[in-house]
Amino acid sequence: ITAVDYDKDQIKKAIKEFPLKYAARVSFEQGDGANLRFKNSSFDTVLELNAFHHIKNYENAMKEVYRVLKKEGKFIAMDMSVPLFIHGEAHFTRKEFENKLEENGFKIEKSKNIWWFYIIARKA
C-alpha cells in the first residue's frame with residue numbers, strides 16, 4: 001500500500017501514528033495528485049478519500065489515476081458534492097464527477113449517494 005498526501009505534516013502524522021506491525025507493507029509519500037511520481041500501470045487499485053475537492057484541476061488528477069492504474073484496475077472515489085462543502089479548490093456534483101471519469105476513459109461500475117458519494121470505476 002502506498003499512501004499519498006499533499007500535506008507534508010499529514011504524512012509525518014501518519015508515519016508517527018501508524019501501527020509498526022504494518023510498517024513493512026505500507027509507505028507514506030508526500031505528493032501531488034495531479035502529478036504523481038509513479039510509473040504507468042503501477043497499481044491494481046487507487047482509492048481517493050475526500051481529496052479531489054482540494055485539487056483545483058481535479059480532472060488532471062483523474063488522468064493521473066488512469067495513467068498509474070493497470071489495465072482493468074479499479075478507482076474507488078469517495079468525495080463530497082457541491083452543496084456540502086464551502087472550502088476546497090474544486091466544486092462538483094456526483095454526476096459531474098461521473099461524467100469526467102467517463103470522459104477520461106473510466107467505466108462506472110457503481111455510484112451511490114448524492115451529498116457524500118462514492119464511485120467505483122474501472123480503467124477500460
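- Phe43 is connected to Leu101 through a chain of hydrophobic side-chain contacts under 4.5 Å among Ile, Leu, Val, Met, Phe, Trp and Tyr, so both are in one cluster.
- Among all heavy-atom pairs drawn from Ile114 and Arg94, the shortest one is O-CB, 4.3 Å.
- Once rounded to the nearest 0.5 Å, the distance linking NZ of Lys100 with CD of Glu59 reads 4.0 Å.
- Placement of Leu47 and Met78 within a single hydrophobic cluster is found when ILVMFWY residues are connected by side-chain heavy-atom separations under 4.5 Å, directly or transitively.
- A 4.5 Å side-chain heavy-atom check between Val68 and Val46 finds at least one atom pair inside the cut-off.
- Under the rule for a side-chain contact (heavy atoms from CB on, under 4.5 Å), the partners of Lys95 that lie at least two apart in sequence or sit in another chain are Thr93, Glu98, Asn99.
- Scanning for salt bridge (Lys or Arg N to Asp or Glu O under 4.0 Å) contacts around Glu64 gives Arg67, with sequence neighbours left out.
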Taking distance alone, no hydrogens or angles, what donor-acceptor pairs closer than 3.5 Å link side-chain atoms of residues 8-34 to residues at least two apart or in another chain?
| from | atom 1 | to | atom 2 | distance (Å) |
| --- | --- | --- | --- | --- |
| Gln30 | NE2 | Tyr6 | O | 2.6 |
| Asp32 | OD1 | Ala34 | N | 2.9 |

Can you list the steps and then say if Phe52 with Phe92 is a ring-ring contact (aromatic ring centres under 6.0 Å, His included)? CA-CA 10 Å; Phe52 274 33; Phe92 43 77; 7.6 Å; no
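- Going from atom CZ of Phe97 over to atom OG of Ser81 covers 10.5 Å, rounded to the nearest 0.5 Å.
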Which side-chain N or O atoms in residues 117-124 pair as donor and acceptor under 3.5 Å with protein atoms at least two apart or in another chain?
| from | atom 1 | to | atom 2 | distance (Å) |
| --- | --- | --- | --- | --- |
| Arg122 | NE | Glu109 | OE2 | 2.6 |
| Arg122 | NH1 | Glu72 | O | 2.4 |
| Lys123 | NZ | Tyr66 | O | 2.9 |
| Lys123 | NZ | Leu69 | O | 2.7 |

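- More than 12 heavy atoms of other residues, nucleotides or ligands shown are found within 6.0 angstrom of CG on Leu49.
- Lys107 meets the side-chain contact (heavy atoms from CB on, under 4.5 Å) test with no other residue; sequence neighbours excluded.
- Contact check for Phe38 versus Val4: side-chain heavy atoms found under the 4.5 Å cut-off.
- Nearest heavy atom pair, residue Glu48 against residue Asp79, reads OE2-OD2, 2.6 Å.
- Under the 4.5 Å side-chain heavy-atom criterion for Ile, Leu, Val, Met, Phe, Trp and Tyr, Ile76 and Phe106 are members of distinct hydrophobic clusters.
- For the atom pair CG of Asn60 and CG of Leu36, the computed distance is 10.5 Å after rounding to the nearest 0.5 Å.
- Lys70 meets the salt bridge (Lys or Arg N to Asp or Glu O under 4.0 Å) test with Asp44; sequence neighbours excluded.
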